[in-house]
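A short write-up of the structure that comes next.
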Amino acid sequence: MGMFHSTSGKHGYNLYQVPTDFKITKEEMILLLTIEQSLRRSEEIQQEYTEADYDELKLEKITEKLQNEAIKRVFNLTQKDGELFDKCLIALRNARVIYKDDKDINQLTDYFKYDISRQGNLNIGDKINLNDIRLFEMKSDSSISNEKTLTEICKEYNTNNLPIALIGGSYS
């Protein structure tokens with residue numbers, strides 16, 4: 001789910017926008033996204049994400065919960081407000097498209113700031129240059145250090161030249 005899901009304004013690798021007549025000013029959007037990011041990073045929400053594991057429905061509900069809370073804090077709207085609330089939620093999720101080139105907005109949330117996802121062009125059997133793959137160690141405080149190429153890691157940890165499986169992940 002994560003950066004590929006409608007809750008973050010994407011469908012797969014593509015940004016998408018749902019029509020709505022609800023307008024959110026840039027100042028209101030900054031406040032919404034700041035609150036959403038703060039909630040997303042809270043221990044409680046991180047624990048919920050961890051427990052949900054790969055259950056997309058649970059992950060979506062957690063994200064929806066924190067987006068609902070951000071809307072409540074900024075606009076004093078809840079799901080009980082029906083269509084008005086729904087339009088506001090759509091407008092929040094449209095932010096990735098509306099502000100896609102706005103440096104201020106794009107620094108506010110991890111899923112805006114760090115999303116470099118794109119459809120790759122590798123196929124089974126393709127040969128890759130391991131010097132082109134850079135990996136980073138991410139620390140618990142979200143800082144990044146120890147940049148190395150895959151070639152360097154293989155020389156350091158795979159001295160027997162055994163087959164390697166690459167496993168990727170993300171931090172939210």
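What you see is a predicted model; the values in this text were computed from it and never measured.
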Per-pair distances, 0.1 Å, donor-acceptor, side chain in residues 32-39, under 3.5 Å, sequence neighbours excluded:
| from | atom 1 | to | atom 2 | distance (Å) |
| --- | --- | --- | --- | --- |
| T34 | OG1 | I30 | O | 2.6 |
| E36 | OE1 | Y111 | OH | 3.1 |
| E36 | OE2 | R40 | NH2 | 2.5 |
| E36 | OE2 | Q67 | NE2 | 3.4 |
| E36 | OE2 | Y111 | OH | 3.0 |
| Q37 | OE1 | D110 | N | 3.3 |
| Q37 | NE2 | D110 | OD1 | 3.1 |
| Q37 | NE2 | D110 | OD2 | 3.1 |

Problem set entry | Trace of the side-chain contact (heavy atoms from CB on, under 4.5 Å) decision for L108 with K113 | CA-CA 7 Å; L108 296 175; K113 188 176 180 178; over 6 Å; no

Exercise. Residues two or more places apart in sequence or in another chain: which of them pass ring pair (Phe, Tyr, Trp, His ring centres under 6.0 Å) with Y99?
Worked result: none

Exercise. For F22, what residues pass the ring pair (Phe, Tyr, Trp, His ring centres under 6.0 Å) criterion, not counting sequence neighbours?
Worked result: F75

Name all residues meeting the side-chain contact (heavy atoms from CB on, under 4.5 Å) criterion together with [X]; count only those two or more places apart in sequence or in a different chain, and write none if there are none.
X    : answer
I98  : Q17, N94
K100 : L15
K65  : E44, I45, E48
T25  : E27, E28

For this session: With sequence neighbours excluded, give me every side-chain hydrogen bond (donor to acceptor under 3.5 Å, both in side chains) pair touching residues 72-81.
Result: E69-R73

Exercise. In a check of side-chain contact (heavy atoms from CB on, under 4.5 Å) between M29 and each of D104, D102, I105, which one passes?
Worked result: I105

Considering all heavy atoms, the nearest [X]-[Y] contact:
X    : Y    : result
A91  : I24  : CB-CD1, 3.6 Å
C88  : I71  : SG-CG2, 3.8 Å
D126 : N123 : OD2-N, 2.7 Å

Exercise. Who are the side chain to side chain donor-acceptor pair (under 3.5 Å) partners of T159, not counting sequence neighbours?
Worked result: none

Exercise. So, D53 side chain and D55 main chain: donor-acceptor pair closer than 3.5 Å or not?
Worked result: no

Interatomic spacing from [atom1] in [X] to [atom2] in [Y] - rounded to 0.5 Å:
X   : Y   : atom1 : atom2 : value
L57 : E64 : CG    : CD    : 9.5 Å
E83 : K87 : CD    : NZ    : 4.0 Å
K61 : E56 : NZ    : CD    : 13.0 Å

For this session: Indicate if L92 and L84 have the same hydrophobic cluster label, given that clusters are the connected sets of ILVMFWY residues with side-chain heavy-atom separations under 4.5 angstrom.
Result: yes

Problem set entry | Residue pairs fulfilling salt bridge (charged side-chain N to carboxylate O under 4.0 Å, His left out) with at least one residue in residues 151-165, sequence neighbours excluded | K148-E156

For this session: Say whether E51 and Q47, considering side chains only, have a donor N or O and an acceptor N or O under 3.5 Å apart.
Result: yes

For this session: Decide yes or no on side-chain hydrogen bond (donor to acceptor under 3.5 Å, both in side chains) for Y114 and T109, but give the supporting numbers first.
Result: CA-CA 8 Å; Y114 297 116; T109 67; over 6 Å; no

Seminar exercise, completed: Hits for salt bridge (Lys or Arg N to Asp or Glu O under 4.0 Å) against D86, two or more places apart or cross-chain, chain-then-number order -> none

For this session: Run through the side-chain heavy atoms of Ile, Leu, Val, Met, Phe, Trp and Tyr, join any pair under 4.5 Å, and report what else lands in Y54's cluster.
Result: none

Exercise. Can you find a pair of side-chain heavy atoms, one from V97 and one from Y16, that are under 4.5 Å apart?
Worked result: no

